[in-house]
2 protein chains.
Amino acid sequence: MSTTVPVKAAKISLEIVEILRERNGAGVSEIARAVDKPTSTVHDHLQTLEQEEYLVKEGTEYHVSTRFLQLGNQARSRKKVYEIARPEVDELAEKTGEHANLMIEEHGLGVFLYKARGPDAVQLDTHAGMRVPLQTTALGKTIMAFRPRSEVESYLDRHGMPEITERSITDREELFETLDQVRERGYAYDDEERVKGMRCLAAPITDQDDRAIAAVSVSGPKSRMQGDRFSEEIPEQILRSANVIEVNLTYS
Amino acid sequence: MSTTVPVKAAKISLEIVEILRERNGAGVSEIARAVDKPTSTVHDHLQTLEQEEYLVKEGTEYHVSTRFLQLGNQARSRKKVYEIARPEVDELAEKTGEHANLMIEEHGLGVFLYKARGPDAVQLDTHAGMRVPLQTTALGKTIMAFRPRSEVESYLDRHGMPEITERSITDREELFETLDQVRERGYAYDDEERVKGMRCLAAPITDQDDRAIAAVSVSGPKSRMQGDRFSEEIPEQILRSANVIEVNLTYS
DNA sequence: CGCCCCTGTCCGATAATACCGGAAAGGTTT
DNA sequence: AAACCTTTCCGGTATTATCGGACAGGGGCG
C-alpha cells in the first residue's frame, strides 16, 4: 500500500513542489488534478509554500524558487567525494573530449552529482541532481558491483527494475551476472541501455574495504566509443582517474 | 505576529530542513531544541522527510539529500537571464581575473544565481543560491535603482535594513539617495559594505522599460580594486557585458 | 562495572488544524 | 452576455498532527 507517513501534510506539499518541478510551473487546478485533491486544499499548500518563499508566484502560475539552490548546494558540497572528484572529472572530460560524470547512490537510486562537458561533447539530457535506477547506467552498475549483494537486493526491492529502453536489464539474475563481470573486469559499460546511440564507460571509486563510494564515467556517441578507444584507452583513463580520487580521498 | 500559514505542518518540516542546511546535519534532539518543539514531533517530521527521500540519515544524524539539487537546478534554469548571462559572466571573470557574479531579486531578497572565479580570484563566502538583503551589495543596489520606489519600499518593509557590517546602509532616505546616484551613474559600487577588504562593482541588466531584471558584478580585494581600474576600466567592462546580455535576451 | 544522563524511538489520547465543500470573484472564450 | 474555467475565500467537521510519557540504546564518568 502507498507508504503511510506520520506527517501527511508535509508529504503533500512536497508532492506539489515535485509536480511544479516536472512541469516547470503550473496553476492551482492543474496541480489539483495531478495530485487528486480539491483545489482548495492545494491552494492552502501553495500559499504556505509561497509565503515561506519556496515557491514563486508569477501571475497565476506557481514555480519552484531559487531557495532550493542553497539546499541542493549544501547537499552536494557535504560530500567529500564531490569536492575531490570534481577537478578529476573536469580533466577526464577535457582529455577525452566527451562527457564525464560523477554518480553516487542515495536511497537506492543513482544520483548524478556532477557533469563536465568535454570539447566534443554532444547534447545530453543528464543534469546534476538527476536520479535514475542504478541498473540503467554503467555508473550505477559499477556502484552496485562493489556493494554487498544484500544491499543491492534492497535497492531493487525498493525501486524495481523498470524497462526504460528495450535494452534495460529487467531480470535480477541477469543483473547479478553482469555485476560479477564488472567486478572482475574492474569497470562497467553501457551500450545504448539508457540513451539511444550513446555508450558509456564507468569505474568505481571505492574505500579501504573495496566498497563503492561513487563512480566516474565517460559517455559519448557510439561512433566515437568503439575499438581500442572503447576497450582500452578510455577504460585506462577512467580507472586512473578513479584511483587518483581514491588516493586523494584517503589523504584529507 | 509570527506569520500564520494555512498548513503549519509543512512549515515546520521546511524549518527543519533549513536548520539541517545551516548546521550541515543534526540529530533529533538538537533540532528539537532549535525549533522549540518536542522531540517526538520533530521525529515524526524527520521520518516523513526521510521516507520521501528529502533527507538522508547517517547513523543518528540527518542531512539534506541531493534531491534538492534537482529542484534548485530547475529553479535556476527556468530563468532565461541565467542561461544567457552565464557565458558573459564567465568571460568577465576571465578578463578581470576577479570574481564575477549574477544576482536576481526574489521575494525581496538578492539571490546569487551564478558565480565565476577568475584566475586571480580570492576565496569568497558567496555561493550559488545565497540570499542577502538587497541593500548590502552593489548587485542589490543596482537592482533596486532600476525598480519603482514603491516596490523597493515593499522589499524593505518585508526584510528590514539589518546592520550586517558597520558600513551597512540602515537609513531609508540615505538608501534612496544612493539609488538616485546609481541610476545617474549607471552602475553601483560597494566598498567593504558586506565583506571587509572587498570592493565590488555592479551593473544592471534591464528590460525594454528600463526595469532591472538582474545585475552582474565584479568583486575583488580593495588593493586591486582602485584607481582607474575601479573608476573606469572595470565599470566599462561590466556595463558592456550587461549590455550584451540585454541584447541577447531580447533576441531569443 | 554499574550508574546516570542524554540520546533516539515508539505509542496512544486529545485537541488542534488540515481538509474539503461550497460559494464568490476574476478571466477567457464562444 | 452567458457559459465555463479559473483562483480565492470561508467555516464546519473529522482527520491527524502533536505531545507527554514510557522504553530502549549508548557513552561517559565516577
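Order of the sequence lines sets the chain letters (A, B, ...), proteins ahead of strands, with each chain counted from 1.
For B:Ser252, the side-chain contact (heavy atoms from CB on, under 4.5 Å) partners two or more places apart in sequence, or in a different chain, are B:Lys80, B:Ile84. Qualifying salt bridge (charged side-chain N to carboxylate O under 4.0 Å, His left out) partners for B:Glu18, counting only residues two or more places apart in sequence or in other chains: A:Arg67, B:Arg21. Partners of B:Asp207 under the salt bridge (charged side-chain N to carboxylate O under 4.0 Å, His left out) rule, at least two apart in sequence or in another chain, do not exist in this structure.
Each of B:Val64, B:Leu14, B:Leu55 was evaluated against B:Leu49; a single residue qualifies, B:Leu55, per the side-chain contact (heavy atoms from CB on, under 4.5 Å) test.
Salt-bridge annotation for A:Arg194 and A:Asp125: present, with a side-chain N of the basic residue lying under 4.0 Å from a carboxylate O of the acidic one. Under the 4.0 Å criterion applied to side-chain N and carboxylate O atoms, B:Glu83 and B:Arg86 are assigned as salt-bridge partners. B:Glu151 and B:Arg211 are joined by a salt bridge, as a carboxylate oxygen and a charged side-chain nitrogen come within less than 4.0 angstrom of each other. In this structure, A:Glu173 pairs ionically with A:Arg149, as a charged nitrogen and a carboxylate oxygen lie closer than 4.0 Å.
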Enumerate, atom names and distances included, each donor-acceptor pair closer than 3.5 Å involving a side-chain atom of residues 131-144 of chain A, sequence neighbours excluded.
{"residue": "A:Arg131", "atom": "NH2", "partner": "B:Glu53", "partner atom": "OE1", "Å": "2.7"}
{"residue": "A:Gln135", "atom": "NE2", "partner": "A:Gly160", "partner atom": "O", "Å": "3.4"}
{"residue": "A:Thr136", "atom": "OG1", "partner": "A:Pro133", "partner atom": "O", "Å": "2.7"}
{"residue": "A:Thr137", "atom": "OG1", "partner": "A:Gly140", "partner atom": "N", "Å": "2.9"}
{"residue": "A:Lys141", "atom": "NZ", "partner": "A:Tyr189", "partner atom": "O", "Å": "3.2"}
{"residue": "A:Lys141", "atom": "NZ", "partner": "A:Glu193", "partner atom": "OE1", "Å": "3.1"}
{"residue": "A:Lys141", "atom": "NZ", "partner": "A:Glu193", "partner atom": "OE2", "Å": "3.2"}
{"residue": "A:Thr142", "atom": "OG1", "partner": "A:Ala138", "partner atom": "O", "Å": "2.5"}

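Axis deviation across the helix from C:dC1-D:dG30 to C:dT30-D:dA1 amounts to 40°, comparing end segments of five pairs, rounded to 10 degrees.
B:Arg76 forms no cation-pi arrangement with B:Tyr114, by the criterion of a distance under 6.0 Å to the ring centre and an angle within 45° of the ring axis.
Whole-Å rounding puts the B:Ile31 CD1 to C:dT9 P distance at 11 Å. One atom, NZ of A:Lys8, and another, P of C:dC19, lie 9 Å apart when rounded to the nearest Å. The distance between atom CG of B:Leu46 and atom C1' of C:dC10, rounded to the nearest whole Å, is 15 Å.
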Summarise protein proximity over nucleotides 20-30 of chain C in one line of letters, 5' to 3': B for base, S for sugar-phosphate only, - for none, counting protein heavy atoms closer than 4.0 Å. BBB--------
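Within the structure, salt bridge (charged side-chain N to carboxylate O under 4.0 Å, His left out) contacts touching residues 39-51 of chain A (residues at least two apart or in different chains) do not occur. The list of salt bridge (charged side-chain N to carboxylate O under 4.0 Å, His left out) pairs with a residue in residues 241-252 of chain A, not counting sequence neighbours, is empty. Applying the ring-ring contact (aromatic ring centres under 6.0 Å, His included) definition to pairs two or more places apart or across chains, those involving residues 48-72 of chain B are B:Tyr54-B:Phe68.
B:Glu106 places a side-chain N or O within donor-acceptor distance of the main-chain N or O of A:Thr66, the cut-off being under 3.5 Å.
For C:dC19, one of the phosphate oxygens OP1 or OP2 lies less than 4.0 angstrom from a side-chain nitrogen or oxygen of A:His45.
The stretch residues 54-67 of chain A touches DNA chain D through A:Lys57, A:Thr60, A:Tyr62, each having a heavy atom within less than 4.0 Å of the strand. In the region residues 14-27 of chain A, proximity to DNA chain C at under 4.0 angstrom, judged on heavy atoms, holds for none of the residues.
With rounding to the nearest 0.5 angstrom, the CD1 atom of B:Ile31 is 11.5 Å from the NE2 atom of B:His45.
Of all nucleotides in DNA chain D, those with any atom nearer than 4.0 Å to a heavy atom of chain A start and finish, going 5' to 3', at D:dT6 to D:dA17.
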